Each structure stands twice: as structure tokens, then as C-alpha cells.
There are 2 protein chains.
Amino acid sequence: MVDRTSGLPAYRQVADDLRARIASGELAPGDRLPSERQMVDTYGVSRPTVRDAVNLLRTEGLVIAEHGRGVFVRRATSVMRLARLSRSAREAGRGAFLGDAAAAGFTPSVEVQVTFEPADARMAELLGVAVGTELCVRDRVMDADGVTVQLAVSRFPRSVTKGTAMEQPDSGPGGTHSRLEEGGHQLDRFTEAVGARMPTPHESSVLQLSPGVPVLTVTRVAFTVDGRAVEVNDIVMSADRFSLAYEIPAT
Amino acid sequence: MVDRTSGLPAYRQVADDLRARIASGELAPGDRLPSERQMVDTYGVSRPTVRDAVNLLRTEGLVIAEHGRGVFVRRATSVMRLARLSRSAREAGRGAFLGDAAAAGFTPSVEVQVTFEPADARMAELLGVAVGTELCVRDRVMDADGVTVQLAVSRFPRSVTKGTAMEQPDSGPGGTHSRLEEGGHQLDRFTEAVGARMPTPHESSVLQLSPGVPVLTVTRVAFTVDGRAVEVNDIVMSADRFSLAYEIPAT
DNA sequence: AAGTGGTCTAGACCACTTA
DNA sequence: AAGTGGTCTAGACCACTTG
């Protein structure tokens, strides 16, 4: 029963109680919460108030509602750890990163769309070109075992892609990086800027995200040995399924 | 006016319309949305339905509600880019990372609490010690310009902290890393695992997060030259204010 | 005082799942 | 058929902000 004199809204009290019962283990992962109509009785509030409480827990990512079945405590998702290392470091097996092999099992690009567009202000800055410079855009949807796990959009100045297989959906053996090196653009290093935000409705449906799950965003820029940026890759993935592992030397 | 025959729920139609008006720029960042009672008239739905629509946009991080004032289109937040590089790389000025100086302007630890606890399964694995091994825990709340921007909890095997200033709230000049090196634990490299999730209610209030803003989590492990893990640092920060920048060699 | 969002009620009907 | 969550209504009163 909620305390009407506490000043705390009823729906918050209900949410706090449920959250505490989840934290204590009384409601374990996979367990069903009491039905909304049951909670109406036990807490002495109306059904919309119960729903407000449950919705709060949903946006916190603590529970999942299933229409016709009930509301369930979210199971701990196993996150796949993606090692963001240089090729040689990965081959040397430095670090005991898990999931590296699993990551290699990705079907690298199930669906690719190639388009062309002028550089906007952000691309101009990242690539070091003028606004309006023509870019080659490779929009990729990456699947693993039939489920979409990652969205990636790469943009190149068209000066490096013209006349190469990079402007075809199938960029050939070794992918775009091999084509770049063949064109004399030897890669030196990548920078990655990692952020997070709530998904757009489109991302939410394509990546099959449950409510309360953010996306990780990675902006990966490839630089050649002469310091020139040749690719900007915007990657979006479920924060529920992935973490990104980096290694930093101390000195 | 919503279309009652479309099959799409009314609150979704209202949300979609508002989202489209925000995307088109008709409702610009900082603009106030029509009041809930106005939308009741314009869309021909009840107020709870309007609120469902607005709440959806709130959890998406698109709008902010201010009690007594209105609902406003979220302003683009300027994210501070934190360069996660080795000390020497940062001193060499490699890469044109912004915000590096700003990051250096942090008050490194406004509030530190030191406690001791036995290692749980996760700490045992990360530190390579037995479950139950005594750990020194440094819980830090980091502020910048008076606002809390980061929470960090470092855990060390007590075997490396015993008898040092690391077990004091003030760990002395150069911080814990200087104390480690003085104790013969020369640091070699760090691994960082980056993830994201929705904040707990506690994090939400301490970091002053608006609804719909996830947190970035970083698990940073420090390794000595002999390959031993000596520190696990769990960091939490607002995804609204920070992105993390890494550099990866190509080969 | 007037307008805003925040909370809450007591219903109703629908869509989905399971037995 | 029964139980579940999903949607929706027509109100009410409160708390906060602004003129």
C-alpha cells in the first residue's frame, strides 16, 4: 500500500518498491511481475498509476512488457566485447579479449547501398575537405545469424573512390581498405569517437531494441600515412549487446 | 487531427507528427511545443493521450518538459571529447582532439571515500585474484565548475595499497598512479571497455541527467609491465556531455 | 490570476497469449 | 474463455512559473 502522506508520488512509490524487490532478488531475472490488476489491489492505486510505475521501470531498462503474457524482469544480456585494436595486435593475441573470434564471425555486409552526396559541414571538417565536395556513401546493414546487429555508413571523398570497386556494392576481396591501399592511400591509423544516445524509431525497429536500451555510436576516421582523412565511418549498435574494448599504452 | 482508421495508435500519430515537425525545423531547438491542452484540441484526443505522445518523445531525448513552463525541443548539447591516449601521445599533441585542455581542467576528485571490501566474482576475474581477496576501494565524485560530471570507483588489491597514501582520501601528489610506481608497480598499459545503459535513479540525480539520456560506462584496467592487473576503475558519465576518443594504429 | 505540466481516478474496449 | 498488457476517455486537483 502506498503512503499518501509521504509527498512522494504514488507511481514512484510503486516503482521504488518493485525496483527494490528486483534488486533484492525477490523478483529474479525472467520472473513475471504481479499483473497490473493485482498491483491495483496490493498497492491501492488505480491502473493508470500502476502503469506509470511499470513504464518508469521499462524506460530504465529493468523490465520488459510482453503483450498478453505479462511484465518480466529483464535477463542480464551477454554483451559481446569487440576488440578495437590494430590488425597486428589482434593477430599477436595481446590481451585476453573475449568475443574476438565471435566478432570475426560476422557476415561483414549483408546489404550495401552506394550513393553519392555533397559533404555537409560535419563531413567537411572530419575529412578536411570543402563543404559540397562530392562524397561516395556506403550504407551498410550488418547481420549476424540473421539478426541485424550493426548499422554503418562510410563516406569517402570521391577523389579516392572514383574508378574503383568502392563505388560498387561489392567492393571486392579485402573490402574498401584493400582498394584504398591499391590506390596508393596507405592507411596509418584510425580515430574512434564513442558516444551513446537513445535510438531513433528507425534504429529501434531495425536493431530490434527493447525500450530503455540506448545505442553506442562510433565515429571512426581512417587516416593515411600522409595524415589525410580518407574515410568517415558512422557506426550504430545496440548497447545491450556490445561493448568496445580499447588498449592504451601507459607512457 | 488523428486518423482513427489507420490502425496506428493515436498517441503514436501525435508523436510522429511532433517528431516530424522537429526534424523539419518547424519546431527548432529551444522552441516550446503547443501546450498539452492546445494539442487536445488540434489533434482531437484526450489529454492523457497527448501526454503519452509527449512522454514518448521525452524518453527519446527529443524534448524536455519544464513544470509550469512548457515542453521544449531539446537544444543540441555540446559534447566534450575526452582523448583517451597515453600521456606521451597527448603531450606530443598527436591528433587534433578538442577538449583535451578542458578535460585537464577537471578538479580531479572533489569527494573521495576510501573503503575496503572483498573481491566479488567480477573483480576476481578482472584483477586476477581469488574471490574474497581484500580490496581497497576509492569511490570518487568528480566535479567541474561545480557540477558533477563523472563518477568513478577504483579497486586495487590491498597488497599493492597497504601502507601507502592510496588508502587515504588524499593519495598525494601525482595521485594513485604515482604511488603505484613508487611501490615498484610500473604501469605498462590500460584496457578500457566502453558500454552504455540507462542511468540508475541515483546516477540520474547526481549527474543531473534529463530523461532520455543514457550514461557511458568505462571499465578501465591498469596493467603493470609484468602483466599484472593492479587497478579496476569503473567510470560513469553522461552520454549527453561526453564522447571518448581513441586512436588505433592501422597495422 | 492564469497558464503550464504533474498526478490520479474509475472506468471502457481492444489485442494478444495461453489453457 | 480467461487473463494479460495496450489504448483511450473525461474529468479532477495539485505544483510550479509567469505576468
Side-chain angles (χ1 to χ4, degrees), chain A residues 1-18 27 30-74 201 204-205 210-212, chain B residues 1-18 27 30-74 201 204-205 210-212:
Chain A
M1 282 286 181
V2 302
D3 175 6
R4 298 292 181 176
T5 67
S6 77
L8 205 62
Y11 80 99
R12 293 273 305 237
Q13 293 184 47
V14 174
D16 288 351
D17 184 64
L18 292 171
L27 289 167
D31 282 1
R32 215 197 74 189
L33 268 56
S35 80
E36 294 178 350
R37 287 157 179 91
Q38 278 178 306
M39 290 196 268
V40 165
D41 293 338
T42 61
Y43 291 111
V45 297
S46 70
R47 190 169 159 225
T49 299
V50 169
R51 282 188 65 78
D52 282 348
V54 172
N55 280 334
L56 185 55
L57 299 184
R58 293 216 283 165
T59 64
E60 290 174 9
L62 273 179
V63 301
I64 304 275
E66 295 183 32
H67 194 172
R69 302 220 316 129
V71 179
F72 299 85
V73 179
R74 188 99 157 268
S204 198
S205 73
S210 8
Chain B
M1 280 288 181
V2 302
D3 175 5
R4 297 295 181 175
T5 68
S6 76
L8 205 63
Y11 80 98
R12 292 271 305 232
Q13 293 184 47
V14 174
D16 287 351
D17 184 64
L18 292 171
L27 288 168
D31 282 1
R32 214 197 75 189
L33 267 56
S35 80
E36 293 178 351
R37 286 155 180 92
Q38 277 179 306
M39 290 196 270
V40 165
D41 294 339
T42 61
Y43 292 110
V45 296
S46 69
R47 192 170 158 225
T49 300
V50 169
R51 283 187 65 78
D52 282 349
V54 172
N55 280 336
L56 185 54
L57 299 184
R58 294 215 283 164
T59 63
E60 290 173 9
L62 274 180
V63 300
I64 303 274
E66 295 184 33
H67 195 173
R69 302 220 316 128
V71 179
F72 299 85
V73 179
R74 188 98 159 269
S204 198
S205 74
S210 6

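Here is how names work: the chains are called A, B, and so on, in the same order as the sequence lines, proteins then strands, and each is numbered from 1. Because the structure is predicted, anything quoted here is derived from the model rather than measured. Scope of the values below: all heavy atoms of this structure, side chains included, with no hydrogens, waters or symmetry mates.
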Looking at residues 2-14 of chain A, who's got a heavy atom less than 4.0 Å off DNA chain C?
-> A/Arg4, A/Pro9, A/Ala10, A/Tyr11
Mind checking which nucleotides bracket the chain A contacts on DNA chain D, 5' to 3', with an atom under 4.0 Å from a heavy atom?
-> D/dG3 to D/dT7
Watson-Crick and G-U pairing of DNA chain C written in dot-bracket, each distance under 3.5 angstrom, with | for inter-strand partners = ||||||||||||||||||.
For the atom pair CZ (B/Arg69) and CD1 (B/Ile64), what is the distance rounded to the nearest 0.5 Å?
-> 12.0 Å
Partners of A/Asp31 by salt bridge (Lys or Arg N to Asp or Glu O under 4.0 Å), sequence neighbours excluded?
-> none
Select base, sugar-phosphate, or nothing to describe what B/Val71 touches, counting heavy atoms under 4.0 Å on all strands.
-> sugar-phosphate
Kindly indicate whether the side chain of B/Tyr43, heavy atoms from C-beta on, has any atom under 4.5 Å from the side chain of B/Met1.
-> no
Restricting to nitrogen or oxygen on both sides, can you table the protein-nucleotides 17-19 of chain C pairs closer than 3.5 Å?
residue : atom : partner : partner atom : Å
C/dT18  : OP1  : A/Arg69 : NH1          : 3.2

Listed partners of B/Ser46 passing side chain to side chain contact (heavy atoms under 4.5 Å, CB included), at least two apart = B/Pro48, B/Thr49
Considering only heavy atoms, which members of residues 38-53 of chain B lie under 4.0 Å from some atom of DNA chain C?
-> B/Arg47, B/Arg51
Any side-chain donor near an acceptor of the partner, A/Asn55 and A/Tyr11, under 3.5 Å | no
Beyond-backbone contact of A/Val54 with A/Met39, side-chain heavy atoms, under 4.5 angstrom | yes
Heavy-atom pair with the smallest gap, counting every atom of A/Ala15 and A/Ala53 | N-CB, 3.7 Å
Side chain to side chain contact (heavy atoms under 4.5 Å, CB included) filter on B/Ser6, not counting sequence neighbours, yields B/Asp3, B/Leu8, B/Gln13
Side chains of B/Arg12 and B/Leu56: closer than 4.5 Å at any heavy-atom pair?
-> yes
Side chain to side chain contact (heavy atoms under 4.5 Å, CB included) involving B/Arg47 - partner list, sequence neighbours excluded = B/Glu36, B/Arg37, B/Val40, B/Arg51
Partner residues of A/Leu62 under the side chain to side chain contact (heavy atoms under 4.5 Å, CB included) criterion, sequence neighbours left out | A/Arg19, A/Leu57, A/Glu60
Output all residues satisfying salt bridge (Lys or Arg N to Asp or Glu O under 4.0 Å) with A/Asp41, sequence neighbours left out; order by chain, then residue number.
-> none
What pair of heavy atoms forms the shortest contact from B/Arg4 to B/Ala10, and how long is it?
-> NH1-CB, 3.8 Å
Heavy atoms of A/Gly70 and A/Arg32 approach each other most closely as CA-CD, 4.0 Å
Within residues 30-37 of chain A: residues closer than 4.0 Å to DNA chain D (heavy atoms) = A/Arg32, A/Ser35, A/Glu36, A/Arg37
Kindly indicate whether the side chain of B/Arg58, heavy atoms from C-beta on, has any atom under 4.5 Å from the side chain of B/Ser210.
-> no
